[in-house]
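All chains are named by letter (A, B, ...) in the order of the sequence lines, taking the proteins before the strands, and each is independently numbered beginning at 1.
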Protein chains: 2
Amino acid sequence: MARVTIKDIAIAANVSAMTVSNVINARTSKASPDTVERINEAIRTLGYQPNLSARALASKASRLIGVVVPFTEDQNQLLLDNPFYAEVISGIESALRARGYFMMLSGLGETSNEVDVLAQWNVDALIAIGIYREGLFERLRKRHLPTLLVDSYLTDDHVHHLRIADDQAARRATEHLIAHGHRRIALVTGAVRDGGVIEQRLAGYRLALDAADIPFDPDLVLAGSVTFDWGIDAAEQLIARRATAAFCTADLIAAGVLSGLHQRDIDIPGDISVLGFDNLPVSQMVYPALSTVDQAILDKGKLAGNLVLDLLEGRKPPRETRLEARIIERQSVGPVRK
Amino acid sequence: MARVTIKDIAIAANVSAMTVSNVINARTSKASPDTVERINEAIRTLGYQPNLSARALASKASRLIGVVVPFTEDQNQLLLDNPFYAEVISGIESALRARGYFMMLSGLGETSNEVDVLAQWNVDALIAIGIYREGLFERLRKRHLPTLLVDSYLTDDHVHHLRIADDQAARRATEHLIAHGHRRIALVTGAVRDGGVIEQRLAGYRLALDAADIPFDPDLVLAGSVTFDWGIDAAEQLIARRATAAFCTADLIAAGVLSGLHQRDIDIPGDISVLGFDNLPVSQMVYPALSTVDQAILDKGKLAGNLVLDLLEGRKPPRETRLEARIIERQSVGPVRK
DNA sequence: CTGAAAGCGCTTACAG
DNA sequence: CTGAAAGCGCTTACAG
């Protein structure tokens, strides 16, 4: 049994293919109620499924949104290695689906041609998460697609942005530790990159220190990668540098710090306080439960989806959207030990 | 500047469109080396990108593989909520990409028409993860697509399977606890479903008990959902039922159990031992680090991708592939308290 | 080794 | 309110 096409429906309903097309695409004003009914009936009984490739080809609109995530820092080329991405993507997908669009997911590495893949599928628009490298960014902008950058500070006239107020969030986080009496506060983070979020969070951290008259100590900035393993390593340096608190710019790192401190029998938060960032599910699973900065990842993802569709559908969303983040207090932050 | 098509290349290289098509599709035997060179040159200078929708339409092969994951049990319609899926999917995607195929990801809920979406995109084959419900399964098989079921025991003549030896793995896990002197061993699990993996793991658990002459106590089977929150709740029942060890059929549940036990100041593994399943990244992040059953999720995903492509390309992979799982000993299992 | 023609399943002006 | 025709960018027999 061959696939049932629009032509089959046309024959069954005794109309032309183009009337069927009109009805399918909800241009019902262009057909009499009676015809619409007959066509819908035929669609139901024959089990018609539109061929989306054909539609994309003919209409020059694929209803496909490309979503680009960077491959993990150790270049193992795995999507979704970071639960943060998994959650944003879930949010994006849910928003797209609700509005009748589809997601084409792709990783993006150093030398990768994954952007080409998206071009080949004729995606209507692009959401790129956590982009910083100039080289890759260049490749993105070459196709002049409606583009939304999530968590990126790369500037470009043709690009829209969604991000949290990273500097402010980091400042508040640091202040939260200061309020608990801490003065030797380490910043444990991934690589500080041009146009990335960490740059901004570092700035917020410094602002908080300045405001509290705590001199900035570069030795307390521990930059590695956004991984659990780096957190474990960082724990050792935390101790060596006599930090009493660590502000980690990702929960994944914070989880590693917790684990590294446990290995050395350091009490948390008795000896060292740890504050995370993201409010990933894992932050509730570690021990002690991690105090962290919530950035409502899922909502962020949904918003990203909706913004990019607004953009695509010509509804002129704001060029930049900034979300608020807030601190979630759990058990990993306490007063400084006297 | 309009998109450059195969026709543009044909003109530039002074050949027909079909010769270009042949060269693009690596049927180079059908063209002289000289022609091939001219065509490739034109492709490079003009920056040609094949239109995959057009190719799919004309060739009746989309190189798109549908990947279906069930929506989470609380029906919140979010893909990737479970890190297990995120990891399998990463593996699948990586295998598909390596062989020149693309992934179309879709969730699958109670009433959902997501399978329709995949049909509409003309996916060449299907990988479905963790399917048990008969209703949904029926909808899958109606399209007679090459299908690989991951972690499912639903039988059907037209479907291929990839799974671990769940009964055996559960048996070994239980024996591992028995070897530590435990006799009141609870099984903490998601819903036991027809054709799902948990059914098998329950069987393995019972086999181990039988072999050790430990009577099966239905009160020690705690079935909820595959979530952290359920693990927290289960912790309370563990205590009430005087279990000395818990075998959890998912790390997510085990993490919740750990957390719930901490809340009640139970020492792990001093008072109660906890064993997980999956070896998710989170199993290293919790405290104490979780002993668990490793099922090499990433490799499983890659294998799934390769199996489905073998199937699609007519290489007749085995109808059923069973992977071995092995126990990873960390800190959450210890000898029973006398 | 190369090409002309038909066709994949849709949509889009255009006409009536 | 409805239709005939052309076209989207490819591939597929078929012919030479």
Side-chain angles (χ1 to χ4, degrees), chain A residues 1-40 42-43 46-64 100 102 116 119-124, chain B residues 1-40 42-43 46-64 100 102 116 119-124:
Chain A
M1 60 169 211
R3 171 159 197 149
V4 14
T5 74
I6 217 172
K7 217 179 258 179
D8 300 318
I9 303 299
I11 293 168
N14 204 18
V15 292
S16 74
M18 89 139 288
T19 300
V20 176
S21 173
N22 278 332
V23 168
I24 287 169
N25 293 289
R27 285 186 284 270
T28 42
S29 62
K30 308 194 108 199
S32 72
D34 181 51
T35 316
V36 172
E37 181 44 48
R38 266 199 342 273
I39 289 174
N40 282 330
I43 287 175
L46 297 185
Y48 170 70
Q49 305 262 25
N51 180 327
L52 264 23
S53 292
R55 178 179 294 176
L57 182 60
S59 72
K60 308 192 154 305
S62 60
R63 297 190 84 81
L64 223 36
F102 312 98
D116 292 348
Q120 289 169 15
W121 279 109
N122 294 303
V123 299
D124 290 340
Chain B
M1 55 170 212
R3 169 157 198 151
V4 13
T5 74
I6 216 172
K7 218 179 259 177
D8 301 318
I9 302 297
I11 292 169
N14 204 20
V15 292
S16 76
M18 90 138 287
T19 300
V20 176
S21 174
N22 278 333
V23 169
I24 287 170
N25 292 290
R27 284 187 283 269
T28 43
S29 62
K30 307 193 110 197
S32 70
D34 181 53
T35 316
V36 172
E37 182 42 48
R38 267 203 337 274
I39 291 173
N40 282 331
I43 288 175
L46 297 184
Y48 170 71
Q49 305 263 24
N51 181 327
L52 264 23
S53 292
R55 178 180 293 176
L57 181 60
S59 72
K60 307 191 155 305
S62 61
R63 298 189 82 82
L64 225 35
F102 312 99
D116 292 347
Q120 290 169 14
W121 280 109
N122 294 303
V123 298
D124 290 340

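Counting to the nearest Å, the P atom of D:dG9 and the CG atom of B:L57 are 12 Å from each other. In this structure, NZ of A:K7 is placed 10 Å from P of C:dC10, rounded to the nearest angstrom. Here the P atom of nucleotide D:dG9 and the CD1 atom of B:I24 are 14 Å apart, to the nearest Å. Distance B:N22 CG to D:dT12 P: 9 Å, rounded to the nearest Å. To the nearest angstrom, P of C:dC10 lies 18 Å from CG of A:N122. Atom CD1 in A:I39 sits about 13 Å away from atom P in C:dC10, given to the nearest Å. Put simply, CG on A:N25 is 17 Å from P on C:dG9, counting in whole angstrom units. As a whole-Å value, the separation of B:R55 CZ from D:dG9 P is 14 Å.
Of the candidates C:dC10, C:dT11, D:dT11, the closest approach to any side-chain atom of A:T5 belongs to C:dC10. Looking at the side chain of B:N51, the nearest of the listed nucleotides D:dC1, D:dC10, C:dT2 is D:dC10.
Nucleic acid contact for A:Q49: sugar-phosphate only, since backbone atoms but no base atoms lie under 4.0 Å from a heavy atom of the residue.
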Could you run down the sub-3.5 Å N/O contacts of the protein with nucleotides 4-7 of chain C?
none

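The phosphate of C:dG3 has OP1 or OP2 within less than 4.0 Å of a side-chain N or O from B:T19. Within the 4.0 Å cut-off from OP1 or OP2 of D:dT2, at least one side-chain nitrogen or oxygen of A:T35 is found. Residue A:K60 places no side-chain N or O under 4.0 Å from the OP1 or OP2 atom of C:dC10. Between B:S21 and D:dC10, a side-chain N or O to OP1/OP2 separation shorter than 4.0 Å is absent.
Base pairing of C:dG3 is made with D:dC14, judged by Watson-Crick or G-U wobble geometry with both donor-acceptor distances under 3.5 Å.
For residues 52-63 of chain B, the side-chain hydrogen bond (donor to acceptor under 3.5 Å, both in side chains) pairs, not counting sequence neighbours, are B:S62-B:D124.
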